[in-house]
**Q** 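One structure coming up, written as structure tokens, with questions to follow.
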Amino acid sequence: MFRTNTCGELRLANVGQTVTLAGWVQRTRKMGGMTFVDLRDRYGITQLVFNDEIDANLCAEANKLGREYVIQVEGKVAERSNKNTNMETGEIEIIVGKLNVLNASLTPPFTIEENSDGGDDLRMKYRYLDLRRSNVRSNLELRHKMTMEVRRYLDSKGFLEIETPMLIGSTPEGARDFVVPSRMNPGQFYALPQSPQTLKQLLMVSGMDRYFQIVKCFRDEDLRADRQPEFTQIDCEMSFVEQEDIISMFEGMAKHLFKTIRGVELKEPFLRMSWDDAMKYYGSDKPDLRFGMKFVELKEVFDGKADFAVFNEAKYIGGICAEGCASYTRKQLDQLTDFVKKPQIGAKGLVYARVQEDGTVKSSVDKFYGQDVLQDLKEKMNAKPGDLILILSGPDVMKTRKQLCELRLEMGNQLGLRDKNKFALLWVVDFPMFEWSDEEGRLMAMHHPFTHPKDEDIPLLDTDPAAVRADAYDMVCNGVEVGGGSIRIHDPKLQDKMFRILGFTEERAQEQFGFLMNAFKYGAPPHGGLAYGLDRWVSIFAGLDSIRDVIAFPKNTSGRDVMLDAPSTIDDKQLDELNLKIDIKEAE
RNA sequence: GGUGCGUUAGUUCAGCUGGUUAGAAUGCCGCCCUGUCACGGCGGAGGUCAUGGGUUCGAGUCCCAUACGCACCGCCA
């Protein structure tokens, strides 16, 4: 037997047993005539002891071990004279009788410890070493547990896990496709799925009724800390359902995950918030509800009350109340002003007002507004003595709300209100059907072109399409969109109308989505579904800001795999077989 | 496509208004140490300051460009 036990399981009860362990040398500590070796595997760390007086040769061998050597030892489990309560195996040690070096190791380029000294770049290049670190490994363990619980839950509800192809056709709308040349079909390309959207709808037409898949999706867009070119969705679809059925099914799944993974029992139904309200009160379609600071609209408080052009000319004035922040210094307020004036946020300035202990309000616009207006402000903001009111205004209502959203989140960060162990879940519902694209000069589907409009808004499709709301919903957790979906159109006529509004000609709609429209002619059931971003979902459970550490082999912000050095050029022979010629445009 | 920050020892970083031989910690190597567990003590090796230009008597330090990394905006139905 290669090993009798792992490095994480031996306890006092095992004292006296002769065991064989195998693993990596975490660290050696030489104490003159004694040497301690920490032996590590996936399951834990066990201390090995070598004693000069007992076996000088063996001890000398142990002294030659370097970090990350792979060794096998046979020895006797003994109670330690000096116990280490910080280790699970800290009450025992192995008095080694035989040492077998299975493989030497170069000194690793960074320390393989929970707090590694390695930077991200280096850790990614040697990701196989990084994955030996317990905290990175535990993220993957968490991911495994979550996918297992997802499967357990969905299986218990009668869902079938069905695989869909990775080599499919390119689709317009949405993100850029990753594309794969077809050798057997010269000049033609597959696209990798941005999501199995149309395929799962076809499975509904097939009568599969309840489908799910934990599946890779590919989008060739610029990356972020929470965005990878390939990412994993928990993709789900159901037939003969209304929005309410889907929401309750997947609220159940979220609760199941919180209970089984985090031990958190979420008893209350998740809050529902319309997209309109989310934008109005939080300036975001994914509000972080771990803390308050709800927006208060202040246009009427200030309108025409003074000769202050900034407010008088603004289309929108909104404020948030930061409790207990009246003590913010001038310097802190200047920093907040700089924060909102950053080009990424783009506000022109920040107005603030402190509510003082005597109840009077002292503000940066004192010279314009009298105490009566400021008292009215205090009233509207529901502010108490000691509170700080922060106000943004601007000519574009939505833009100003988004700026105020950034400020709110910044204040949440500064005040430590975005606690990683607190979870605020909600459904954002009633999304707009379309959103105007300046770039395309037309309406674009906000969710996707197959989203069902709200029944009562269907007449508006002809008269005022921009006002149409959709049967679409997002699940939001702590300000992160963890999942989203919609009821789909199953009526070919309505789908046709939708394509027309999106600017497709009949020919083009037929060419791009003919397969779906044709399928719908053969009796498509009403259906709908949603998809969760597994990587984000896991990173929230793990308390991480980046999804990279919940992915075994992630890519960097340029979409490169620095370990494999991919992408890379390919042989001329391969290009030739694929009938491809490279023509790189000169940088301008 | 854009903005910002960064690039100095194996690693993580410091290096001020330009000025002698570029430092610290950690890792690595050697010696000492019989109860360590972030062991400890002593000693040592280790640098094309990302690359290319420029300014200057003199550049790790100032300027420009390029590359790479990270964050963000655009983008991501």
Side-chain angles (χ1 to χ4, degrees), chain A residues 26-39 45-54 59 63 66-68 78-87 89-91 93 95 106-126 171-177 194-195 197-198 217-229 231 338-339 342-346 399 402-403 406 431-435 437-440 443-451 470 472 474 481 484-486 498 502 531 533 545-546 548 556-558 560 562 587-588:
Chain A
Q26 174 77 23
R27 178 184 281 120
T28 60
R29 288 179 294 279
K30 291 168 197 167
M31 299 288 306
M34 273 185 118
T35 295
F36 299 98
V37 174
D38 287 343
L39 188 67
I45 290 180
T46 298
Q47 175 167 288
L48 313 177
V49 202
F50 297 85
N51 195 322
D52 209 27
E53 282 176 7
I54 295 170
C59 196
N63 283 336
R67 281 160 58 204
E68 302 307 315
E79 182 171 1
R80 290 200 201 182
S81 55
N82 278 358
K83 298 196 166 93
N84 183 347
T85 50
N86 297 322
M87 292 174 74
T89 62
E91 292 192 302
E93 61 194 357
I95 297 170
L106 294 176
T107 302
F110 52 88
T111 56
I112 304 200
E113 290 161 8
E114 194 142 345
N115 291 312
S116 174
D117 64 2
D120 290 346
D121 200 14
L122 200 66
R123 294 197 293 114
M124 288 307 160
K125 185 168 178 188
Y126 297 93
T171 50
E173 300 279 296
R176 276 185 210 97
D177 288 314
Q194 296 173 27
S195 85
Q197 182 58 39
T198 51
C217 302
F218 305 86
R219 292 177 192 176
D220 187 8
E221 294 293 346
D222 288 2
L223 307 176
R224 292 284 191 282
D226 64 347
R227 249 192 259 161
Q228 285 274 303
F231 60 97
D338 290 343
F339 174 82
K342 282 196 302 187
Q344 291 95 320
I345 297 183
K399 271 192 187 144
K402 282 177 186 163
Q403 291 162 357
E406 296 296 333
F431 275 76
M433 187 76 216
F434 305 105
E435 124 189 273
S437 165
D438 282 335
E439 200 181 324
E440 301 271 323
L443 289 176
M444 307 269 286
M446 194 155 178
H447 187 54
H448 56 54
F450 319 109
T451 304
D474 277 358
E481 180 202 325
S486 61
M498 201 59 65
L502 291 170
D545 294 319
S546 169
R548 278 173 220 162
N556 73 6
T557 40
S558 314
R560 295 201 68 84
V562 293
E588 280 165 30

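Here is the naming used below: chain letters follow the sequence lines, and residue numbers restart at 1 for every chain.
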**Q** Would you indicate what A/Phe110 reaches in the nucleic acid, counting non-hydrogen atoms under 4.0 angstrom: base, sugar-phosphate, or nothing?
**A**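 The residue A/Phe110 makes no contact with any strand.
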
**Q** Using whole Å, report how far CD1 of A/Ile112 lies from P of B/rA38.
**A**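 Between P of B/rA38 and CD1 of A/Ile112: 18 Å.
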
**Q** Tell me which nucleotide among B/rU11, B/rC37, B/rU3 gets nearest to the side chain of A/Asn82.
**A**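 Out of B/rU11, B/rC37, B/rU3, the nucleotide with an atom closest to A/Asn82's side chain is B/rC37.
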
**Q** Take atom CG of A/Asp222 and atom P of B/rC75, then tell me their distance rounded to the nearest Å.
**A**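 My rounded result for the distance is 11 Å.
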
**Q** Can you spot which of A/Glu93, A/Arg80, A/Met31 makes a side-chain contact (heavy atoms from CB on, under 4.5 Å) with A/Val49?
**A**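 Filter result, single survivor: A/Glu93.
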
**Q** Just wondering, do A/Met124 and A/Asn556 contact through their side chains at under 4.5 Å, heavy atoms?
**A**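 Sidechains of A/Met124 and A/Asn556: no contact.
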
**Q** Starting the side chain at C-beta, find the nucleotide from B/rA71, B/rU11, B/rU34 nearest to A/Asp52.
**A**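 Out of B/rA71, B/rU11, B/rU34, the nucleotide with an atom closest to A/Asp52's side chain is B/rU34.
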
**Q** Could you let me know what B/rU61 is paired to, Watson-Crick or G-U wobble, both distances under 3.5 Å, or none if it's on its own?
**A**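 With both distances under 3.5 Å required, B/rU61 matches none.
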
**Q** Using purine N1 to pyrimidine N3 plus N6-O4 or O6-N4 for Watson-Crick, or N1-O2 and O6-N3 for G-U wobble, both under 3.5 Å, which nucleotide pairs with B/rC29?
**A**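 Its partner is B/rG43.
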
**Q** Please classify the nucleic acid contact of A/Pro108 as base, sugar-phosphate, or nothing, using heavy-atom distances under 4.0 Å.
**A**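 Touches nothing.
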
**Q** What nucleic acid atoms does A/Met444 come within less than 4.0 Å of, heavy atoms only: base, sugar-phosphate, or nothing?
**A**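 No contact.
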
**Q** Where the side chain of A/Asp117 is defined as all heavy atoms beyond and including C-beta, which of B/rC75, B/rU26, B/rU36 is the nearest nucleotide?
**A**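 When the side chain of A/Asp117 is considered, B/rU26 is the closest of B/rC75, B/rU26, B/rU36.
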
**Q** Should A/Glu221 and A/Arg176 count as an ion pair when the cut-off is N to O under 4.0 Å?
**A**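 Result for this pair is yes, salt bridge flagged.
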
**Q** Is the closest basic N to carboxylate O distance between A/Arg29 and A/Asp38 below 4.0 Å?
**A**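 Counted as a salt bridge, because a side-chain N and a carboxylate O are separated by less than 4.0 Å.
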
**Q** Could you work out which one of B/rG69, B/rC37, B/rG35 sits closest to the side chain of A/Arg560?
**A**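 In terms of side-chain proximity for A/Arg560, the closest of B/rG69, B/rC37, B/rG35 is B/rG69.
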
**Q** Both distances under 3.5 Å, Watson-Crick or G-U wobble: report the partner of B/rU21, or none.
**A**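 Pairing partner: none.
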
**Q** Looking at B/rC75, B/rG27, B/rU34, which one has an atom nearest to any side-chain atom of A/Arg67?
**A**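 The closest nucleotide is B/rG27.
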
**Q** Looking at B/rG35, B/rG69, B/rA38, which one has an atom nearest to any side-chain atom of A/Asp121?
**A**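 My answer, after comparing the listed nucleotides, is B/rG69.
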
**Q** Counting side-chain heavy atoms from C-beta on, which of B/rC72, B/rU34, B/rG35 comes nearest to A/Glu93?
**A**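 Between B/rC72, B/rU34, B/rG35, the one nearest the side chain of A/Glu93 would be B/rG35.
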
**Q** A/Leu122 CG to B/rU8 P: how many Å, rounded?
**A**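 That distance rounds to 12 Å.
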
**Q** Of the nucleotides B/rC76, B/rG1, B/rG69, which one has an atom closest to the side chain of A/Arg219?
**A**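 Closest of the options to the side chain of A/Arg219: B/rC76.
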
**Q** State plainly whether the residues A/Lys342 and A/Glu406 are in salt-bridge range, i.e. N to O under 4.0 Å.
**A**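 Salt bridge: no.
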
**Q** Which nucleotide, if any, forms a Watson-Crick or G-U wobble pair with B/rU56, using both distances under 3.5 Å?
**A**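 Check on B/rU56: unpaired, no WC or wobble geometry under 3.5 Å.
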
**Q** Over how many whole Å does the gap from A/Arg29 atom CZ to B/rC39 atom P extend?
**A**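 These atoms are roughly 6 Å apart.
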
**Q** Under 3.5 Å, is there any donor-acceptor pair linking the side chain of A/Arg224 to the base of B/rG74?
**A**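 Yes, a donor-acceptor pair under 3.5 Å.
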
**Q** With both distances under 3.5 angstrom, what nucleotide forms a Watson-Crick or G-U wobble pair with B/rU7?
**A**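 Pairing partner: B/rA67.
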
**Q** Please determine, for B/rC16, whether a Watson-Crick or G-U wobble partner exists with both distances under 3.5 Å, and give it or none.
**A**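 Its partner: none found.
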
**Q** Starting at atom CD of A/Glu113, determine the distance to atom C1' of B/rA25, rounded to an integer number of angstrom.
**A**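 The answer, rounded to whole Å, is 14 Å.
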
**Q** Can you work out whether A/Gly33 or A/Gly119 has the more 5'-proximal nearest nucleotide on RNA chain B?
**A**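 The residue closer to the strand's 5' end, by nearest nucleotide, is A/Gly119.
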
**Q** The side chain of A/Lys30 lies closest to which of these nucleotides: B/rC33, B/rG69, B/rG35?
**A**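 Comparing B/rC33, B/rG69, B/rG35 against the side chain of A/Lys30, the answer is B/rC33.
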
**Q** Answer with base, sugar-phosphate or nothing: what part of the nucleic acid does A/Lys402 contact at a heavy-atom distance below 4.0 Å?
**A**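 No contact at all - A/Lys402 keeps every heavy atom at 4.0 Å or more from the nucleic acid.
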
**Q** Taking the C1' atom in each of B/rC33 and B/rU51, what is the distance between them to the nearest angstrom?
**A**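 The same atom, C1', in both gives a distance of 48 Å.
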
**Q** Would you classify A/Ser195 as touching base, sugar-phosphate or nothing, given that sugar-phosphate means primed atoms plus P, OP1 and OP2, and contacts are heavy atoms under 4.0 Å?
**A**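 Counting heavy atoms under 4.0 Å across all strands, the contact made by A/Ser195 includes a base.
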
**Q** If you find the nucleotide of RNA chain B closest to A/Gly66 and the one closest to A/Arg80, which residue's nucleotide is nearer the 5' end?
**A**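 Result: A/Gly66.
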
**Q** When you measure from the side chain of A/Thr107, which nucleotide among B/rC37, B/rG27, B/rG35 comes out closest?
**A**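 For A/Thr107, the side-chain atoms sit closest to B/rG27.
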
**Q** Identify whether any heavy atom of A/Asn556 sits under 4.0 Å from a base atom; if not, whether one sits that close to sugar-phosphate; answer base, sugar-phosphate or nothing.
**A**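 It contacts sugar-phosphate atoms only.
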
**Q** Just to be sure I understand the rule, does A/Arg548 reach a base, reach only the sugar-phosphate, or reach nothing, if contact means heavy atoms closer than 4.0 Å?
**A**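 Answer is sugar-phosphate: A/Arg548 comes under 4.0 Å of backbone atoms only.
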
